[in-house]
Trainee: 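I have a structure I would like to understand better, so I am pasting it below and will then ask my questions one at a time.
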2 protein chains.
Amino acid sequence: MAADKKGAAWTPPPPGRHVYEYPRPAVTVDCVVLGLDADDLKVLLIQRGVEPFRHAWALPGGFVKDDEDLDEAARRELREETAIEDVYLEQLYTFGAPGRDPRGRVITVAYYVLAKLSDYRVKAATDAENVGWFALDRLPALAFDHAAIIERAVERLRGKVRYAPIGFELLPPRFSLTQLQRLYEIVLERPLDKRNFRKKILSLGLVVETDEVEQGVRHRAARLYRFDRKKYERLLKQGFEFAI
Amino acid sequence: MAADKKGAAWTPPPPGRHVYEYPRPAVTVDCVVLGLDADDLKVLLIQRGVEPFRHAWALPGGFVKDDEDLDEAARRELREETAIEDVYLEQLYTFGAPGRDPRGRVITVAYYVLAKLSDYRVKAATDAENVGWFALDRLPALAFDHAAIIERAVERLRGKVRYAPIGFELLPPRFSLTQLQRLYEIVLERPLDKRNFRKKILSLGLVVETDEVEQGVRHRAARLYRFDRKKYERLLKQGFEFAI
DNA sequence: CAACTTCGTGTACATTATACACTATAAGAC
DNA sequence: GTCTTATAGTGTATAATGTACACGAAGTTG
């Protein structure tokens, strides 16, 4: 976790000295923010300014406040550290191995976040600390157990993208079918047949044609579609199962 | 959580008084132990002996110790409170709403556990406190937010049983295909066709015939099968996907 | 040995998945 | 405005899988 983002060094509690009779670990949230570039899944990292792991890159995150829920804490830290808001956010897994933070017992509730990368390309770089998107296969050295957390987030995305319409969270509101196919190919790491993919997607009836086309391309522009979330929610209630 | 199982009442920290500058919630683990009866999914509950929620039923669980991992803590609490060991155990979700424990901030990492109910029918009742299996549709009043935790565990089981061979964790090592079908019918809450189910299961090649048959039934005895875990793991590495 | 209960089996049809290649359209260069 | 280039957009035949459906076989009990 990157809790001490304002530079105030955090000192661990003296071992074995607790005010109450039960252990009191520190609890943080960490966010694995995934975004889709033209050819890659990318993850948003911030560079640590303090020890331990000074200069190492880490997941955005920080301490959970006394009066906030875990999801709230994750959204707050995201907003504070990366200016990212209004994204798909879901709890991933809680990491609590005793040695995962050299300063003492810190349990972190990890979240995974799907962001429309294009929305945040600029903003991300303007924060006080270094912030950047990194391709998943070219990650820098990471603080704590954050590499393992990212790995689990990607596993989860891969597992879930086929059975839930979460891929759309990575695309702009209007997208071409080619873009959508590219997304699935990148996440699933295998090529898909263009005609079969389109047949399948359109037969679900969840993406609807708009009257817009791609702009600024140097060839025939593709028709743009949008995801019909309301229809999806209606169908869900009727036992419909999304699957690609 | 049922952390104070030995009757020592736990008092909450005075609000706003922390030794360090960041909040220090208590962290517990709670286990949703599911078992399969003839006609029902059941969950294992223990009855609380102390306030709050004295006399209410609750999930087995307790505080995470300073030097143990979360999974370890869950297994330890299970062993201590219910004598259950060597079961399928997987982290479920972390619940941390500020008001979920009336005594103060307690964050709980929930686990779900699949147990062969027949193994634990007797042992479970011998613990110092009241312990019992409850059908999911006839739960007693539950402490804290434990009803919500159980609900999420069942959702997870339902979602996962079709894509991972975890149903076998609920059956004895040797089982009939009728038992296996019954399991899926109970978990998925819909009837399955006998011939189609057997075709499907056998075509996966993961359950193998043994030379044993059901004992002590008052009709033709069914052949018993076992799950071939090694074969499953081999196939997994080759990209095989389990699905029912 | 009759009655009962569950076991174990196959086929026809519908649906879905897969493999595969060319024409249409728009932009850009000249 | 014509040619080049790049991607968009489309259909069919075959294989695989899913679904619906009913009855004789085998073992137990009285």
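In what follows, chains carry the letters A, B, and so on, assigned in the order in which the sequence lines appear, proteins first and then strands, with residues in each chain numbered from 1. Source: prediction; values computed, not measured.
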Trainee: What pairs of nitrogen or oxygen atoms, one from the protein and one from nucleotides 26-28 of chain D, lie under 3.5 Å apart?
Mentor:
from	atom 1	to	atom 2	distance (Å)
D:dA26	O4'	B:Arg220	NH1	3.3

Trainee: Identify each donor-acceptor pair in which a side-chain atom of residues 191-200 of chain B lies under 3.5 Å from a protein atom, sequence neighbours left out, and give them as a table.
Mentor:
from	atom 1	to	atom 2	distance (Å)
B:Asp193	OD2	B:Arg195	N	3.1
B:Asp193	OD2	B:Asn196	N	2.8
B:Asp193	OD2	B:Asn196	ND2	3.3
B:Asn196	OD1	B:Lys199	NZ	3.3

Trainee: Do B:Ile149 and B:Arg100 have side chains that get closer than 4.5 Å, going by heavy atoms?
Mentor: yes

Trainee: Quick one: do A:Glu151 and A:Arg158 make a salt bridge, cutoff under 4.0 Å?
Mentor: no

Trainee: Can you list everything that forms a salt bridge (charged side-chain N to carboxylate O under 4.0 Å, His left out) with B:Arg220? Sequence neighbours excluded, please.
Mentor: none

Trainee: What's touching nucleotides 1-4 of chain D from the protein side, N or O pairs under 3.5 Å?
Mentor:
none

Trainee: Run the salt bridge (charged side-chain N to carboxylate O under 4.0 Å, His left out) test against A:Glu185 and tell me which residues pass, sequence neighbours left out.
Mentor: A:Arg182

Trainee: Heavy atom of residues 197-210 of chain B under 4.0 Å from DNA chain C: which residues?
Mentor: B:Arg198, B:Lys199

Trainee: Rounded to the nearest angstrom, tell me the gap between atom CG in B:Asn196 and atom C1' in D:dT17.
Mentor: 11 Å

Trainee: Which ones in residues 170-195 of chain B lie close to DNA chain C, meaning a heavy atom under 4.0 Å from one of its atoms?
Mentor: B:Thr178, B:Lys194, B:Arg195

Trainee: Can you give me every donor-acceptor pair (side chain of residues 212-219 of chain A, partner residue at least two apart or in another chain, under 3.5 Å) with its distance?
Mentor:
from	atom 1	to	atom 2	distance (Å)
A:Glu212	OE2	A:Arg174	NH1	2.6
A:Glu214	OE1	A:Ala222	N	3.0
A:Gln215	NE2	A:Val213	O	3.1

Trainee: Using the salt bridge (charged side-chain N to carboxylate O under 4.0 Å, His left out) criterion, which residues pair with B:Glu209? Sequence neighbours excluded.
Mentor: B:Arg223

Trainee: Which class fits the ring pair A:Phe175 and A:Phe168: parallel under 30°, tilted 30 to 60°, perpendicular over 60°?
Mentor: tilted

Trainee: Near DNA chain D, under 4.0 Å by heavy atom, which residues of residues 235-244 of chain B?
Mentor: none

Trainee: Could you list the donor-acceptor pairs under 3.5 angstrom formed between side-chain atoms of residues 230-242 of chain A and any protein atom two or more places apart in sequence or on another chain?
Mentor:
from	atom 1	to	atom 2	distance (Å)
A:Lys231	NZ	A:Gly205	O	3.2
A:Glu241	OE1	B:Arg162	NH1	3.0
A:Glu241	OE2	B:Arg162	NH1	3.2

Trainee: From CZ of A:Arg223 over to P of C:dA24, roughly how many Å is that when rounded to an integer?
Mentor: 18 Å

Trainee: Would A:Glu72 and A:Arg76 pass as an ion pair if we require N to O under 4.0 Å?
Mentor: no

Trainee: May I ask you to check whether B:Tyr163 and A:Tyr163 place their ring centers less than 6.0 Å from one another?
Mentor: yes

Trainee: Does a side-chain heavy-atom distance below 4.5 Å link A:Val113 with A:Leu44?
Mentor: no

Trainee: Residues in side-chain hydrogen bond (donor to acceptor under 3.5 Å, both in side chains) with A:Tyr88, at least two apart?
Mentor: A:Glu90

Trainee: Judged by atom type as modelled, is there a donor-acceptor pair below 3.5 Å linking the side chain of A:Lys116 to the main-chain atoms of A:Leu171?
Mentor: yes

Trainee: For A:Ser176, does its backbone N or O pair with a side-chain atom of A:Gln179 as donor and acceptor, under 3.5 Å?
Mentor: yes

